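Letters A, B, ... mirror the listed sequences (proteins, then strands); counts begin at 1. Predicted model only: the values in this text are computed from it and were never measured.
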2 protein chains.
Amino acid sequence: MAVEPNRDVEAHVRRLWRHRGTTVPTPRRGPRQQLDLDEILRTGIAIADAEGLAAVSTRSIAARFDKSSMVIYPYVGTKENLLALMQDHASAMPSWDDPVTSLADALHAWAEALFEVYLSHPWLTERPWSQASQGPNEQDWLERLLRVLDTWAVPPSARPPAVTMLYATVRATAGTAAAYERMNQQGMAEWRERAEATMALIPDFRQRYPMTTGLEPVTARWKDAPRAGLAGAVHLLAVALSSAGP
Amino acid sequence: MAVEPNRDVEAHVRRLWRHRGTTVPTPRRGPRQQLDLDEILRTGIAIADAEGLAAVSTRSIAARFDKSSMVIYPYVGTKENLLALMQDHASAMPSWDDPVTSLADALHAWAEALFEVYLSHPWLTERPWSQASQGPNEQDWLERLLRVLDTWAVPPSARPPAVTMLYATVRATAGTAAAYERMNQQGMAEWRERAEATMALIPDFRQRYPMTTGLEPVTARWKDAPRAGLAGAVHLLAVALSSAGP
DNA sequence: CCATAGTCCTTGCAGTGTATAGTGTTTTTA
DNA sequence: TAAAAACACTATACACTGCAAGGACTATGG
């Protein structure tokens, strides 16, 4: 039997699924709403894209509508809910055809598509992700991935770990790609400086960390390193899943 | 030639490596310091462990020493630096013997050890990680992993993707494990409630997302699910790395 | 028709990081 | 040895945050 249906939670879920069969909270009595939830989310996302997630505040969003911060609350409930709604809203899944050539190709297509979304909205990497939660758009991604694994007869026991690895890897590589992107326009000076300072202060760094030192320097072709890393990782995973057998 | 050695960056690096050959800033003229950087970091970590990273503030730390917030700054520079120092300080690598039985076992030992560290300090998952940065303790982990890959003759081209996947997977699984842990003491009520609300509001959820629905429910044996997921993932990866051949 | 539930808006509070200025202490330099 | 510079500490202040509380207004349901 259902626990007393905590109104806030229900309202949040309604808002999350507002384009998939639910309507936002309920019979609206008061004055007509002057704002629109989708529009609020769009401007929140725009701010996050341009100035980072930290620049998203109830005030900064409301300011774009020449209103004060509290107008936002009737539309989203709390700041945390607002961020969750932005997260799902920004995660709309594009459409593509699953490659039928190999599992590796199909996984690659999925991963690349998700990578692209994360690149468009780098702040998504700062948001938590858990398999069980979230809204319809994030749900779409998971379902699609599971369908691919099913199509290629990946044994059920291997699916949860595969899902975890894929999501984790996409998020990680997208995160570093976004960090590189930011350096591009901000200077990369500090990054380099820190590395130099470390080398200067720890003269035997190369002896202490020979393996790390032996890695190809990140600076070389750094721009597409994350994407290449992702491709390599997906390839590895596909190999493992294929050889796991049915 | 070195750019003018930005004093703040250099000081931060010195602090990071203070136990590995550098000394904290240096010619100190003024009055003796009454606090100790390691002690500051310990209390910051204690607060983060107990109340979450959000509860860590210059004021909350200083209060434990009956001082006001600004005392912290001579020791750490900025809040961001403080967090970075806490991050490295909390990442001390334990010692263990590399299994010689198989690559899979060796990787598993590494991953489990790191997982354990993240479980002890769940807030570490909220901190960014990038291969090129950080302090000595985090460096140790990377070096150790690379040594394992080298020992087992994993081809150099496969190493960066493997590193990325391993770190990403450990962080992701540790993050969900920590989330479960939190639910334990906080109720898990909200989580369940949200799931129920979604099912109630989207009656055809199971038709729309058959694959997701088909997954074993997370609630069953949820406590060790993340650890098991990590083990499975590492196993998959080891299979791929082995069959990649030299 | 009126109570109610909703939006909109202002005010205010507790909390954040940190700039600044002042005071006292220690070490370095002249 | 005296002066000066660099530091630790303290208190105050500023700009910023999320949001509770409450007032004014408005559309709706009983």
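OP1 or OP2 of C:dC8 lies within a sub-4.0 Å distance of a side-chain N or O belonging to A:Y75. Taking only side-chain nitrogens and oxygens, A:S68 never comes nearer than 4.0 Å to OP1 or OP2 of C:dC9. Within the 4.0 Å cut-off from OP1 or OP2 of D:dG18, not a single side-chain nitrogen or oxygen of A:Y73 is found. Close to C:dT29, at under 4.0 Å from its OP1 or OP2, lies no side-chain N or O of B:R29.
For B:D140 and B:R20, the salt-bridge test passes: some basic side-chain N is under 4.0 Å from an acidic carboxylate O. Contact check on B:E126 versus B:R171 returns no salt bridge, with no Lys/Arg side-chain nitrogen under 4.0 Å from an Asp/Glu carboxylate oxygen.
Taking the six-membered ring for Trp and thresholds of 30 and 60 degrees, B:Y167 and B:W129 have nearly parallel ring planes, at less than 30 degrees apart.
Nucleotide D:dT17 holds its P atom 11 Å from the CD1 atom of A:I61, rounded to whole Å. Rounded to a whole Å, the CZ atom of B:R32 is 10 Å from the C1' atom of C:dT25. Residue A:D36 contributes atom CG, which lies 15 Å from atom C1' of C:dT7 at whole-angstrom precision. Rounded to a whole Å, the CG atom of A:D66 is 14 Å from the C1' atom of C:dC8. Between the C1' atom of C:dC9 and the CG atom of A:L35 lies a distance of 13 Å, rounded to the nearest Å. Distance, A:I72 CD1 to C:dT10 C1': 16 Å, rounded to whole Å. Spacing between atom CG of A:D8 and atom P of C:dG6 amounts to 12 Å, rounded to whole angstrom units. Regarding B:R7, its CZ atom lies at a distance of 10 Å from the P atom of D:dA6, rounded to whole Å.
DNA chain C is contacted by both A:R59 and B:E80; A:R59 maps to the nucleotide lying nearer its 5′ end (nearest heavy atom per residue).
The nucleotide whose nearest atom lies closest to any side-chain atom of A:M70 is, among C:dT27, D:dA21, C:dG24, D:dA21. Looking at the side chain of A:K79, the nearest of the listed nucleotides D:dC9, D:dA27, D:dG18 is D:dG18. For A:Q33, the side-chain atoms get nearest to C:dC8 when compared with the rest of C:dC8, C:dC9, C:dG17. The side chain of B:S69 lies closest to C:dT18, out of D:dC9, C:dT18, D:dG18.
Residue-level contact check: B:T58 touches the bases, meaning some heavy atom is under 4.0 Å from a base atom. Within the 4.0 angstrom heavy-atom criterion, no nucleotide atom of any strand lies near A:V76.
Listed by chain and residue number, nothing satisfies the ring pair (Phe, Tyr, Trp, His ring centres under 6.0 Å) test with A:Y118 (two or more places apart in sequence, or in another chain).
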All N/O donor-acceptor pairs, side-chain side in residues 61-72 of chain A, below 3.5 Å, sequence neighbours left out:
residue, atom, partner, partner atom, Å
A:K67, NZ, A:Q34, OE1, 2.8

